[in-house]
Amino acid sequence: MDLNSQTVLDIQVIQCNEVKGSTHMELEGLKRGLLKLKAERLNIKSLITDRHVMVKKFMKGEEEIIHNFDVWHVAKGVSRKLEGLAKKKGAEAIKPWIKSVSTHLYWAASTSANDGEMKLAKWQSLTRHIRNIHTHPSEKYPECRHGPLEDNQRNWMEEGSRPYKLLCSVVTSPFLMKDIEKLSPFHQTYGLEVYHNIVNHFAPKSTHFFFESMLARLYLAGLHYNENSRKPRDTTSDGRVRWQLCYPKAKKGLEAVVKPISTGPSFGYVDLLIHNLVQRRKDLPSYQVASEALSSYLSVPAPTTSGFVPVDKACLIERHKSRFSKTTNSNDV
Ligand SMILES: [Zn+2]
């Protein structure tokens, strides 16, 4: 997805038997997507992903593309870990800080442009700020920018205390620190969330779809999103933007937020699809010819069951029956 234009640029469906295992699917999807976009002569300057280990390694080789990590994924991971620690005995003092830690991460990433060292310095200042110390041994970020604090009754932590040590074990974990410098200065994940909701509508997770149907449904989701992602906001008769109150699942339904109401969706892409379908019917006289034409540019992987060892169904039925009769017999006895 191009975040600037809110447009889905490419969709790849990877079936698990096309790669070594399910953990390789994400990387394979990315590789194919990049190849396709490059073939379209698209100049990719930066790419935002989650912190998938294989993706990180692969992107080191793509030197011309700036690789950033999505802050939302990182903040979610940090918050989850802190929530887990806050449940430990004697570590309850972590809880009031969880939201601030997450907000600080977003702030450090979004206010430092591409200056990785600045992102890291701002992030590290947290370990002093929570002890009510607002100057830091860093040339990049020597002092907190919040100014004098009016409310000095916060739950400041003490150095060496159990909650402080536990909180620092997450905040300063080497694995996390290594990635802070590469946090994306943008966090427009809202568009991606909307797209995923549309995907869930066209391809519900509760239903199994074969490769071609899945691909077609994802293309539909992409077409619907691209047509509707930049809809003008709905306004009242006197021109004021209308807002909708909602309780996001991400905030566990505990916190209300507002979002602007968009004008209703349009379905212009359906007319285009029908037009193309009629044209295709005219060009390709039979289903067989159409099917052959499709296979020339779409390679469909073998079904996931194709790697299974053939079984004798009759034999399995007999085995099932005999096991059942044994149980019955033992009950009789
Ligand atoms: Zn501070």
Side-chain angles (χ1 to χ4, degrees), residues 3 46 48 50-51 66-190 248 250-252 254-259:
L3 291 178
S46 72
I48 305 171
D50 62 7
R51 294 194 294 155
I66 300 169
H67 185 211
N68 284 133
F69 302 126
D70 179 24
V71 194
W72 181 80
H73 280 99
V74 182
K76 197 171 134 193
V78 169
S79 296
R80 268 195 193 157
K81 280 183 187 155
L82 291 178
E83 275 163 21
L85 291 177
K87 285 177 189 155
K88 289 193 174 189
K89 207 175 171 189
E92 297 83 0
I94 291 175
K95 199 166 182 203
W97 284 102
I98 297 175
K99 202 178 165 198
S100 310
V101 171
S102 173
T103 310
H104 185 71
L105 187 69
Y106 276 101
W107 176 79
S110 64
T111 56
S112 314
N114 276 322
D115 187 344
E117 285 179 26
M118 179 60 96
K119 284 177 209 172
L120 189 60
K122 284 177 177 172
W123 175 243
Q124 285 174 318
S125 73
L126 182 79
T127 58
R128 292 169 68 84
H129 172 88
I130 57 174
R131 287 189 280 135
N132 199 14
I133 302 170
H134 308 286
T135 53
H136 314 292
S138 158
E139 277 181 26
K140 277 273 179 191
Y141 189 67
E143 198 178 346
C144 288
R145 290 192 189 157
H146 48 64
L149 294 169
E150 285 176 13
D151 167 22
N152 209 20
Q153 301 299 312
R154 299 188 189 195
N155 304 299
W156 300 117
M157 286 195 173
E158 276 180 32
E159 190 176 11
S161 67
R162 179 170 153 80
Y164 180 74
K165 279 185 190 167
L166 286 171
L167 187 139
C168 285
S169 71
V170 173
V171 168
T172 62
S173 105
F175 183 65
L176 176 67
M177 299 269 271
K178 229 171 44 183
D179 293 344
I180 293 286
E181 293 190 17
K182 292 180 79 180
L183 283 181
S184 163
F186 311 103
H187 49 270
Q188 301 168 341
T189 46
Y190 178 67
K251 296 183 188 293
K252 294 175 183 165
L254 298 171
E255 211 178 301
V257 295
V258 286
K259 57 181 181 185

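What you see is a predicted model; the values in this text were computed from it and never measured. Numbering of ligands and ligand atoms starts at 1, following listing order.
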Q) Among side-chain atoms of H129 and H104, is any donor-acceptor pair under 3.5 angstrom? A) no

Q | 4.5 Å side-chain heavy-atom contact, V71 and S110 | A | no

(Q) Taking the side chain as everything from C-beta on, heavy atoms only, tell me whether V171 gets closer than 4.5 Å to L176. (A) no

Q: Any salt bridge (Lys or Arg N to Asp or Glu O under 4.0 Å) involving residues 161-175? Give me the pairs, sequence neighbours left out, ordered by first then second residue.
A: none

Q) With sequence neighbours left out, which residue pairs that include part of residues 117-139 fulfil the salt bridge (Lys or Arg N to Asp or Glu O under 4.0 Å) condition? A) R131-E159

**Q.** Partner residues of E83 under the side-chain hydrogen bond (donor to acceptor under 3.5 Å, both in side chains) criterion, sequence neighbours left out
**A.** K252

Q: May I ask you to determine how many protein N/O/S atoms are under 2.8 Å from the Zn ion (ligand 1)?
A: 4

